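The structure appears right after this line, and notes come after that.
Small disclaimer: the values here were computed from a predicted structure and weren't measured.
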Amino acid sequence: MSSVMSLSSYRMHKIYLAATMKYGLGSDDPEELAYYNKIKKEMDDMKNETVKKGIPLNWDTPEGMDK
């Protein structure tokens, strides 16, 4: 992770925007490519996770809450 730290916050933000908006990076810098690929992988992992929708309904009222 030390290679990512050498990128400026401005450059990291630009790479993040490119990755999230599905743009190409347009750079051959290995540090920038590694960060870009990391963001893309995290996005793919989030896409594959199941999403729990709705509000869970619990009809069992805890003791003392019904008073």
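Put simply, the residue from Asp45, Ile39, Asn37 that forms a side-chain contact (heavy atoms from CB on, under 4.5 Å) with Lys41 is Asp45.
Closest approach of Tyr36 and Tyr23 over heavy atoms only: OH-O, 2.6 Å. For the residue pair Tyr35 and Leu7, the shortest heavy atom distance occurs at CB-CD1, 3.9 Å. Taking both residues in full, the closest heavy atoms of Ala18 and Gly24 are given as CB-O, 4.2 Å, listed atom of the first, atom of the second, then distance. Nearest heavy atoms, Ser27 versus Leu33: O-CD2, 3.6 Å.
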Exercise. For Met12 and Ile15, run side-chain contact (heavy atoms from CB on, under 4.5 Å): C-alpha distance rounded to whole Å, both residues' side-chain angles, the deciding distance at 0.1 Å, then the answer.
Key: CA-CA 5 Å; Met12 289 172 73; Ile15 294 167; 5.7 Å; no
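By the 4.5 Å heavy-atom criterion applied to side chains, Lys47 and Asp44 are counted as neighbours.
Hydrophobic side-chain contacts under 4.5 Å tie Tyr10 to no other Ile, Leu, Val, Met, Phe, Trp or Tyr residue.
Lys40 is linked by a salt bridge (Lys or Arg N to Asp or Glu O under 4.0 Å) to nothing, counting only residues two or more places apart in sequence or in another chain.
For residues 8-29, the pairs satisfying salt bridge (Lys or Arg N to Asp or Glu O under 4.0 Å) are Arg11-Glu32, with sequence neighbours left out.
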